[in-house]
Amino acid sequence: MTTKVPGVLAALALTAGLGLVVPGTASAAPFCGITWGSLAKSTATLALGPSQDPITNIRSGRHACFDRLVVDVNGEAPKYTVRYVSAVTLDGSGFTLPLRGGAFIEVTVMAPAHDQDYNPTYTPANRDEAVNVAGFQTFRQVAFAGTYEFVTEIGLGVRARLPFRVFTLAGPGAGSRLVIDVAHRW
């Protein structure tokens, strides 16, 4: 009987070991169902030119699966380009906009931050900290680079290069919103 015990243990160990080497499936569900990707998103074309409808606010929000940046516009939804860059540069001067984070998103909105008489319609108290994102999971900094030739630049410092999506919404009232969601992880 004592000779059978080591044989039975060896068989059990081999059976258990075989269960460990069975390959798993590669179809893990994406985080929160997010399938956005991290490539540039754009509706801007040179032929259309910028809108005259001004930006009135930039704000942010925290969600379970992503952080959100919202650009409010007093009029139709603006054309935009949103993309990861190695550094956000200021239009007109070409200077680099310093941002915190492991990756940088350049938000180009084809709308000014002033009215047609060049009166400001959006003026953050601190351009380098245009929106308070302290405690956010993905966002590290939102900086308002300004408007140059009716095109507004916003720098968004994020934790890492993560998937994002961009879309526009109508309202409230006659206004619209440009929405940028950046996922907390892949």
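The OG1 atom of Thr89 sits 11.5 Å away from atom CZ of Phe95, with the distance rounded to the nearest 0.5 Å. With rounding to the nearest 0.5 Å, the separation of OG1 in Thr152 from CD1 in Ile58 is 7.5 Å. Between atom CZ of residue Arg159 and atom OG1 of residue Thr138 there is a gap of 5.0 Å, rounded to the nearest 0.5 Å. Taking OG1 of Thr147 as the start and CD1 of Ile55 as the end, the distance is 6.0 Å to the nearest 0.5 Å. If you take CG on Leu69 and CZ on Arg59, they are separated by 9.5 Å, rounding to the nearest 0.5 Å. Atoms CG and CD, from Asp67 and Gln137 in turn, are 7.0 Å apart once rounded to the nearest 0.5 Å.
Contact record, Thr168 with Pro78: CG2-O, 4.2 Å, taken as the closest heavy-atom pair. Nearest heavy atoms, Pro112 versus Ser51: CD-O, 3.2 Å. Between Phe164 and Trp36, the shortest heavy-atom distance links the atoms O-CB, 3.2 Å. What you find for Arg185 and Leu162 is that their closest heavy atoms are CA-CD2, 3.7 Å. A pairwise comparison of heavy atoms in Ala160 and Tyr84 identifies O-OH, 3.8 Å as the closest pair. Minimum interatomic distance between Arg161 and Ala103 (heavy atoms only, all atoms of both residues): N-CB, 3.5 Å.
Listed for the Lys41 side chain is no donor-acceptor partner under 3.5 Å among the backbone atoms of Ile180. Here the side chain of Arg83 pairs no donor or acceptor atom with the backbone of Glu106 at under 3.5 angstrom. Here the side chain of Asp115 pairs a donor or acceptor atom with the backbone of Asp117 at under 3.5 angstrom. Not one N or O on the side chain of Thr81 forms a donor-acceptor pair closer than 3.5 Å with the backbone of Ser42.
Atom CD of Glu129 is surrounded by more than 12 heavy atoms from other residues, nucleotides or ligands within 6.0 Å.
Residues Phe66 and Ile105 fall into different hydrophobic clusters, defined by Ile, Leu, Val, Met, Phe, Trp and Tyr side chains chained together at heavy-atom separations under 4.5 Å. No chain of hydrophobic side-chain contacts below 4.5 Å, direct or via other Ile, Leu, Val, Met, Phe, Trp or Tyr residues, connects Val158 to Phe104. Linking Ile, Leu, Val, Met, Phe, Trp and Tyr whenever their side-chain heavy atoms come within less than 4.5 Å puts Ile154 and Phe136 in one cluster. Val88 and Leu178 fall into different hydrophobic clusters, defined by Ile, Leu, Val, Met, Phe, Trp and Tyr side-chain heavy atoms under 4.5 Å apart, directly or through other members. No continuous path of hydrophobic side-chain contacts links Leu97 to Val131 [ILVMFWY only; heavy atoms under 4.5 Å].
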| Taking it one step at a time, do Val182 and Leu156 satisfy side chain to side chain contact (heavy atoms under 4.5 Å, CB included)? | CA-CA 10 Å; Val182 183; Leu156 178 56; 4.3 Å; yes

| Could you go step by step and tell me if Arg68 and Phe139 meet the side chain to side chain contact (heavy atoms under 4.5 Å, CB included) rule? | CA-CA 9 Å; Arg68 173 170 283 178; Phe139 290 173; 5.6 Å; no

| field | Derivation of the side chain to side chain contact (heavy atoms under 4.5 Å, CB included) call for Phe167 and Asp181 | value | CA-CA 9 Å; Phe167 57 95; Asp181 292 336; 3.6 Å; yes

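Using a 4.5 Å heavy-atom threshold, the side chains of Val142 and Ser60 count as separate. Side chains of Thr121 and Asn74 form no contact here, defined as non-hydrogen atoms less than 4.5 Å apart. Taking 4.5 Å as the limit, every side-chain heavy atom of Arg62 sits out of range of all side-chain heavy atoms of His184. Glu153 is not listed as a side-chain neighbour of Tyr148, based on a closest heavy-atom distance of 4.5 Å or more. Between Asp128 and Gln141 the shortest side-chain heavy-atom distance falls below 4.5 Å. Looking at Tyr80 and Val107, their side chains never come closer than 4.5 Å, going by heavy atoms from C-beta outward. Considering only heavy atoms from C-beta on, Arg140 stays 4.5 Å or farther from Leu99 through its side chain.
Between Tyr122 and Phe144, the ring planes lie perpendicular to each other; the angle is over 60°, past the 30° to 60° tilted range.
Partners of Arg177 under the salt bridge (Lys or Arg N to Asp or Glu O under 4.0 Å) rule, at least two apart in sequence or in another chain, do not exist in this structure.
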